[in-house]
Amino acid sequence: MRVIGLTGGIATGKSTVSNLFKANGFPVVDADVVARDVLKKGTGGWRKVVAAFGEDILLENGEVDRPKLGQIVFTDPSKRQLLNRLLASYISYGILWEVFKLWIKGCNIIILDVPLLFEAKMDRWTNPIIVVWVDPETQLKRLMERDRTSAQDAQNRINAQMPLDEKRSKADIVIDNNGSLEDLNENFRKILDQVTKPLTWTEFWLSRQGAIVAIVSIFSGVLGCKKLVARL
Ligand SMILES: CC(C)(COP(=O)(O)OP(=O)(O)OC[C@H]1O[C@@H](n2cnc3c(N)ncnc32)[C@H](O)[C@@H]1O)[C@@H](O)C(=O)NCCC(=O)NCCS
Ligand SMILES: Nc1ncnc2c1ncn2[C@@H]1O[C@H](COP(=O)(O)OP(=O)(O)OP(=O)(O)O)[C@@H](O)[C@H]1O
């Protein structure tokens, strides 16, 4: 199984690219959808967040008022860190569960669309990592247009993430999304073969996934030997 990481900054076009993957028959796990599920009324995440932020962040129906909570956490880094801490494990397990279900179904290639892939250190589970990149002006403009928000609000959200150029430097593949949607389609076609071709054995063992498999195998081998020796 191969898990491909898809990330970038807010409003750089990850969902647009993940829709292209879906249209080409690839299963996508969307971290934003998982993050929404773990904050639904009555869940463990919801209880923790309400206990920490108070009932003021709730709508009349008891669901979290997302724009209101967003307003709080995107203007106050300490509140954002608190929210991240409260939800991190729910989101990670939720993502792993979605990947597991697709694996059980027999999917060989899974796309993991995670805005905070590097920040949450989930990059170690994915190979290759695709970063969807745009220049700062385009990012701000598209975010303001999509969310109908002010420049200040949009900039606060952008500043809440690792700088996009840093993400770009960590990418295996960069999709430049500064052009039109037609340009994006063309760029996507160019990378499709590259990302979906199976890893060679050398590439696999040199990847982090390969290293993890190797460490786990060695560790279980050592444990097995110890047990055997103890029996003798
Ligand atoms: C603060 C919340 C309630 C705002 O909800 P809202 O519906 O307005 O935004 P939405 O969830 O659709 O997120 C939009 C984008 O904001 C960015 N974003 C979301 N959370 C964060 C965060 N904690 N730090 C930085 N950027 C974030 C992502 O790029 C995301 O794609 C929500 O974003 C949230 O619960 N965030 C914490 C969970 C999280 O880390 N989500 C990211 C998934 S990895
Ligand atoms: N090449 C493009 N040309 C014009 N508009 C685009 C292009 N690519 C994406 N957009 C638009 O930019 C906005 C942001 O794109 P999208 O929602 O895919 O970003 P995202 O990275 O998934 O954002 P988020 O981090 O908030 O989930 C959307 O309104 C989308 O329609």
Side-chain angles (χ1 to χ4, degrees), residues 5-23 28-41 43 45-46 48-50 52-53 57-59 63-96 98 111-123 125-126 130-135 137-149 153-164 167 175-188:
L6 175 63
T7 190
I10 185 166
T12 59
K14 297 177 298 295
S15 307
T16 313
V17 172
S18 81
N19 285 338
L20 292 173
F21 273 112
K22 282 182 207 159
V28 176
V29 174
D30 183 334
D32 279 340
V33 173
V34 173
R36 259 167 238 149
D37 283 347
V38 303
L39 203 50
K40 280 197 176 138
K41 183 179 169 185
T43 59
W46 177 88
K48 283 200 173 170
V49 169
V50 176
F53 286 84
I57 56 144
L58 295 180
L59 295 166
E63 292 289 351
V64 168
D65 184 339
R66 301 179 63 86
K68 191 168 188 180
L69 182 57
Q71 198 56 248
I72 298 170
V73 300
F74 291 117
T75 48
D76 183 339
S78 63
K79 297 266 169 64
R80 188 169 61 252
Q81 277 156 18
L82 173 63
L83 180 67
N84 289 349
R85 264 203 313 278
L86 296 175
L87 295 181
S89 57
Y90 293 102
I91 295 175
S92 308
Y93 286 125
I95 290 174
L96 281 178
E98 293 303 318
I111 314 296
L112 214 59
D113 174 357
V114 187
L116 307 179
L117 188 83
F118 295 115
E119 291 92 331
K121 300 196 172 20
M122 282 186 212
D123 51 324
W125 300 110
T126 59
I130 304 172
V131 168
V132 187
W133 180 83
V134 291
D135 60 46
E137 295 75 31
T138 309
Q139 185 180 19
L140 186 65
K141 183 170 162 284
R142 287 189 186 155
L143 179 55
M144 286 171 67
E145 277 171 12
R146 188 195 63 186
D147 292 358
R148 296 167 197 279
T149 172
D153 271 359
Q155 197 58 57
N156 285 343
R157 285 192 176 228
I158 292 171
N159 294 345
Q161 302 185 344
M162 180 187 284
L164 195 48
K167 292 190 179 181
I175 297 185
D176 183 329
N177 187 24
N178 284 300
S180 65
L181 287 171
E182 289 73 35
D183 294 335
L184 178 62
N185 245 303
E186 203 172 302
N187 290 341
F188 176 76

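Source: prediction; values computed, not measured. Computed from heavy atoms alone, side chains included, the values below leave out hydrogens, waters and symmetry copies. Order of appearance sets the numbers: ligands from 1, and atoms from 1 within every ligand.
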Is the closest heavy-atom distance from G9 to ligand 2 below 4.0 Å?
yes

Would you mind checking which non-hydrogen protein atom is closest to atom 17 (C) of ligand 1, with the distance to 0.1 Å?
Q161 NE2, 3.3 Å

Protein heavy atom under 4.0 Å of atom 25 (O) of ligand 2
yes

What's the shortest distance from atom 9 (O) of ligand 1 to any protein heavy atom, and which residue and atom give it?
R157 NH1, 3.7 Å

The one among D32, T7, I158 that brings a heavy atom closest to atom 42 (C) of ligand 1:
D32

Which of these, L117, L87, I91, has its nearest heavy atom closest to atom 39 (C) of ligand 1?
I91

Please work out, at 4.0 Å between heavy atoms, whether the side chain, the backbone, both, or neither of L83 comes within that distance of ligand 1.
side chain

With only distance considered, is G13 within less than 3.5 Å of ligand 2 through an N or O on each side?
yes

Would you say N84 and ligand 1 have an N/O pair spaced under 3.5 Å apart?
yes

Any idea which atoms of ligand 1 are less than 4.0 Å away from a heavy-atom of L39?
35 (O)

Where does L143 meet ligand 2, judged by heavy-atom distances below 4.0 Å: at the side chain, the backbone, both, or neither?
neither

Number the atoms of ligand 2 from 1 as they appear, then name those within less than 4.0 Å of a heavy atom of A11, with their elements.
14 (C), 19 (O), 20 (P), 21 (O), 23 (O), 24 (P), 25 (O), 26 (O)

Any heavy atom of G8 sitting closer than 4.0 Å to ligand 2?
no

Using a 4.0 Å heavy-atom threshold (strictly under), name the region of V34 that reaches ligand 1: side chain, backbone, both or neither.
neither

Does the residue R36 have a heavy-atom contact with ligand 1, meaning some pair of atoms that are separated by less than 4.0 Å?
yes

Identify, by atom number and element, the atoms of ligand 2 in contact range of S180, meaning under 4.0 Å from any of its heavy atoms.
1 (N)

For A160 and ligand 1, answer yes if some heavy atom of the residue is under 4.0 Å from a ligand atom, otherwise no.
yes

Nearest non-hydrogen contact to atom 1 (N) of ligand 2 from the set L184, N177, I10 belongs to N177

Return the option from E182, R146, K14 holding the heavy atom at the smallest distance from atom 17 (O) of ligand 2.
R146

Closer than 4.0 angstrom, basic N to acidic O: yes or no for E119 and K167?
yes

Which of the atoms in ligand 2, numbered in the order shown and given with their element, are less than 4.0 Å from a heavy-atom of D32?
27 (O)

